[in-house]
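Data first, discussion second: the structure below is written as structure tokens.
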Amino acid sequence: MKLLVCVSQTPDTTTKVKFSADNTAFDTNGVQYIMNPYDEWYALVRALELKEQLGGSVTLFHVGPKENETVIRKGLAIGADSAVRVDAVASSATFVAKQVAAYAKAENFDVVFMGKETIDYNGSEVPALTAELLDMPFISYANNLKMEGNSATLSREIEGGKETMEVDTPFVVSCAKDMAEQRIPNMRGIMMAKRKPINVIAAVAAEDLATIVRYDYPPEKTGVKLIDPENMDELVNLLHNEAKVI
Amino acid sequence: MAVLVYAESLTGSIKKSALEAVTYGKLAADALGTECIALTIGKADGAASLGQYGASKVYNVSTADNNFDSQVYAAVVADAAQKLGADTVVFSHSSTGKSLAGRVAIRLEAGLVTSVLTAPTNGFEVKKGVFSGKGFATYSISSANRVVTIAPNTFRPNASGSDATVETLDVAVPAGRVKVTGQATVDGVVPLPEAELVVSAGRGMKGPENWGMIEEMATILGATTACSRPVADIDWRPHHEHVGQTGVAIRPNLYIAVGISGAIQHLAGVNQSKVIVVINKDPEAPFFKAADYGVVGDLFDVVPRLNEALKKFKANN
Ligand SMILES: Cc1cc2nc3c(=O)[nH]c(=O)nc-3n(C[C@H](O)[C@H](O)[C@H](O)COP(=O)(O)OP(=O)(O)OC[C@H]3O[C@@H](n4cnc5c(N)ncnc54)[C@H](O)[C@@H]3O)c2cc1C
């Protein structure tokens, strides 16, 4: 199995989000970055499990500048064999999808893995964009994937339940919770990762068709109204008459 | 150049999220000075009613079955958009919509923004939540064609006007490569992303055996149940109930959090709820800072009391 895992980096989940003074940019000052959890915990680990079971290779794919290599090294430490980094700023989902497609087209991967979304822009866009560019079937929000020969059986999250399906390779899959269990890199993995190759390639031209023009903060809560724990009728009354939600 | 809304009907009838999508489509069409038309694929009971939410016309592309393959459906939607002269395509931000929007955007060379919260203004600027609810970003789409998915529970459908005529649209349906083999949904429960009322509980519950009172509250209110991540991780509750930054992100009208501390990752998935009620015995719990109403007390006393009060209220209303 020749497997590609696309990984993104996102601000750490404890980040206090700040924007530039004119609200046109995300303020990256002091922000710690992590590998996007869906990419790391589910996409990468499931790909590694399939490689362990069926043989083959796992290649990481990342679009970003050199300083992002910390995240790539972590993926290599968890167990990926090699990595490709497109030396460019990931300026939009369309831009990233075009980089994945341009690289993957000639490489004949059996499965292209991604996380279901990134936890910064929450777009859930790159997987479907890439699948269309590669003219491949796409299973989104998969929480189970089994391979037999070149056919796969999957299940995915749908509203209020799940759906099961079958598809042959090659295909694109975006991974959600339950797909696999997070793996913590061990010392040996970390040492080995230092010697694994990161192939740096140039970006293909791609236009951003949607760009961010402005950021805003969520409205501040005006303060909590505390209710006497003995008086739940009061809470019900407020929810009905003041908040008007029941 | 019309606004085309793909109205989902994977189970054979029009879904609530489709009504919201058409409601949005009408708002967008008004803003752009054009009309809103709806597209259904396969069996779609109730399609004519989309007229009541703003679709001036409904088109149906017939298929042998409602087997969902994003490649097939995207080809149909993109072809329909071209045939019908639509430059803006609207999807629900659902498991189906998210699988299709990107594919259709590539086919139409369209700019894509997902989970939008506003109708387009100023050319085509739309706002969405980013950083899991810690901020908002306004996107501008520069391309001639645009694709958006709309956030759930944001554009409330209000029936007015009359049914639309449903016309068959002749679009080729390509052969698919994905075979759907089964679908299992929990009947009678509103799925979390669509729920308007959510009752959620965390590690403060001490154990899964104590969830009866949470389920009781949900039943009284007609609410959907949710939970914090550790509770799902230790299998006190099913995984699909996990809300937060790495779980389901929700924006209900009412979110009641019982025995949840309000960690930043939890808040990220729920802080767009309209009204938040927190029940926690620790007055210093961070959740109180994000709450509208708070009850400082032992949940094992407070929740049964709240359930009684809710029952009394329901009996009188
Ligand atoms: C990368 C990452 C991603 C994460 N993603 C998520 C996510 O998506 N969703 C999520 O929920 N968490 C997430 N977490 C975990 C998060 O940091 C918290 O650990 C978690 O939300 C805590 O769950 P809790 O509030 O149920 O438990 P606790 O933090 O243990 O809080 C329990 C609360 O119950 C209260 N309590 C106890 N007994 C009683 C009683 N008798 N009566 C009233 N109150 C009582 C306590 O005062 C306390 O506030 C993530 C963490 C990381 C690192």
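Below, read A as the first sequence line, B as the second, and so on, with proteins coming before strands; counting in each chain starts at 1. Both backbone and side-chain heavy atoms feed into the values below; hydrogens, waters and symmetry mates do not. In this text, all values refer to a predicted model and were calculated from it rather than measured experimentally.
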Hey, are the side chains of B:Gln71 and A:Asp135 touching, using non-hydrogen atoms and a 4.5 Å cut-off?
yes
By a 4.5 Å heavy-atom criterion (distance strictly below it), what part of A:Tyr141 contacts chain B: side chain, backbone, both, or neither?
side chain
Going by heavy atoms in the side chains, are B:Lys314 and A:Val236 under 4.5 Å from each other?
no
Is chain A contacted by the side chain of B:Ala290, its backbone, both, or neither, given a heavy-atom distance below 4.5 Å?
backbone
Minimum side-chain heavy-atom gap B:Leu310-A:Ile246 below 4.5 Å:
yes
Examine whether an atom of B:Asp301 lies under 4.5 Å from a heavy atom of chain A, and if so say whether it belongs to the side chain, the backbone or both; otherwise answer neither.
neither
Could you look at B:Glu109 and say if it's the side chain, the backbone, both or neither that has a heavy atom under 4.5 Å from chain A?
backbone
Does the side chain of A:Tyr38 reach to within under 4.5 Å of the side chain of B:Thr246, using non-hydrogen atoms?
yes
Chain B heavy atoms under 4.5 Å from A:Lys225: which part of the residue, side chain, backbone, both or neither?
both
Select one option (side chain, backbone, both, neither) describing which atoms of B:Val296 are under 4.5 Å from chain A's heavy atoms.
both
Could you tell me which portion of B:Ala75 (side chain, backbone, both or neither) has an atom closer than 4.5 angstrom to a non-hydrogen atom of chain A?
neither
Below 4.5 Å from any heavy atom of chain B, which atoms of A:Ile212 appear? Answer side chain, backbone, both or neither.
both
Whatever's closer than 4.5 Å to a heavy atom in chain B on A:Asp178 counts as side chain
Counting heavy-atom pairs under 4.5 Å with chain B, which one of A:Val167, A:Thr211, A:Thr153 comes out on top?
A:Thr211
Top residue by heavy-atom pair count (under 4.5 Å) with chain B, among A:Gly161, A:Ala131, A:Pro137, A:Ser140?
A:Pro137
Quick one: do A:Asp168 and B:Arg177 make a salt bridge, cutoff under 4.0 Å?
no
Does any part of the side chain of B:Glu308, heavy atoms only, come nearer than 4.5 Å to the side chain of A:Met232, both counted from C-beta?
no
Decide whether B:Gln245 and A:Thr13 meet the rule of one side-chain donor and one side-chain acceptor closer than 3.5 Å.
no
Okay, B:Leu192 and chain A: the region with an atom under 4.5 Å from a heavy atom over there is neither
With a 4.5 angstrom heavy-atom cut-off, is it the side chain or the backbone of A:Pro127 that approaches chain B, or both, or neither?
neither
Shortest non-hydrogen separation from A:Leu129 to B:Ala105 and the atoms involved
CD2-CB, 4.2 Å
Using a 4.5 angstrom heavy-atom cutoff, name the option from B:Lys289, B:Gln272, B:His242 with the most pairs to chain A.
B:His242
Indicate yes or no for a side-chain donor-acceptor contact from B:Thr114 to the backbone of A:Gly123 under 3.5 Å, with no hydrogens or angles considered.
yes
Measure distances from B:Ser99 to the heavy atoms of chain A and classify the residue's part below 4.5 Å as side chain, backbone, both or neither.
both
May I have the step-by-step check of ring-ring contact (aromatic ring centres under 6.0 Å, His included) for B:Phe136 and A:Tyr217, ending in yes or no?
CA-CA 6 Å; B:Phe136 296 104; A:Tyr217 295 100; 9.8 Å; no
Contact origin within A:Pro37 toward chain B - heavy atom pairs under 4.5 Å
side chain
Paired with B:Ser95, the side chain to side chain donor-acceptor pair (under 3.5 Å) test is passed by just one of A:Lys162, A:Glu163, A:Glu159, namely A:Glu159
Strictly distance-based, threshold 3.5 Å: is any side-chain N or O of A:Thr164 a donor or acceptor partner for the main-chain N or O of B:Gly182?
yes
Whether the side chain of B:Lys274 engages the backbone of A:Val245 through a donor-acceptor N/O pair (distance < 3.5 Å, no angle test) should be reported.
no
Under a 4.5 Å cut-off applied to non-hydrogen side-chain atoms, are B:Val278 and A:Val224 in contact?
no
Top contributor to chain B contacts, counting heavy-atom pairs under 4.5 Å, from A:Lys244, A:Met165, A:Lys16, A:Glu220
A:Met165
Decide if atom NZ of B:Lys179 counts as having more than 12 heavy atoms of other residues, nucleotides or ligands within a radius under 6.0 Å.
no
Under 4.5 Å from a heavy atom of chain B, the part of A:Glu230 involved
both
Heavy-atom pair count under 4.5 Å with chain B, highest-scoring of A:Arg214, A:Lys98, A:Glu157
A:Arg214
Got a donor-acceptor contact below 3.5 angstrom from the B:Lys128 side chain to the A:Tyr121 backbone?
yes
Chain B contacts, top residue of A:Thr15, A:Thr222, A:Ile139 (heavy-atom pairs, under 4.5 Å):
A:Thr15
Scored by heavy-atom pairs under 4.5 Å with chain B, the best of A:Phe171, A:Phe19, A:Tyr215 is A:Tyr215
Top residue by heavy-atom pair count (under 4.5 Å) with chain A, among B:Gly135, B:Ser143, B:Ala184?
B:Ala184
Minimal non-hydrogen separation, B:Lys98 against A:Ala128, with atom names
O-CB, 3.9 Å
Contacting region of B:Asp292 [heavy-atom separation from chain A under 4.5 Å]:
both
With a 4.5 angstrom heavy-atom cut-off, could you sort out which part of A:Leu154 is near chain B: side chain, backbone, both or neither?
neither
Of the backbone (N, CA, C, O) and the side chain (C-beta and beyond), which part of B:Phe124 lies under 4.5 Å from a heavy atom of chain A, both, or neither?
neither
Would you mind reporting whether A:Asp216 and B:Thr138 have side-chain heavy atoms less than 4.5 Å apart?
yes
At their closest point, which heavy atom of A:Ile119 faces which heavy atom of B:Ser132, and how far apart are they?
O-OG, 3.2 Å
Contacting moiety of B:Ala291, where chain A heavy atoms sit under 4.5 Å
both
Checking heavy atoms, do the side chain of B:Thr11, its backbone, both or neither come under 4.5 Å from chain A?
neither
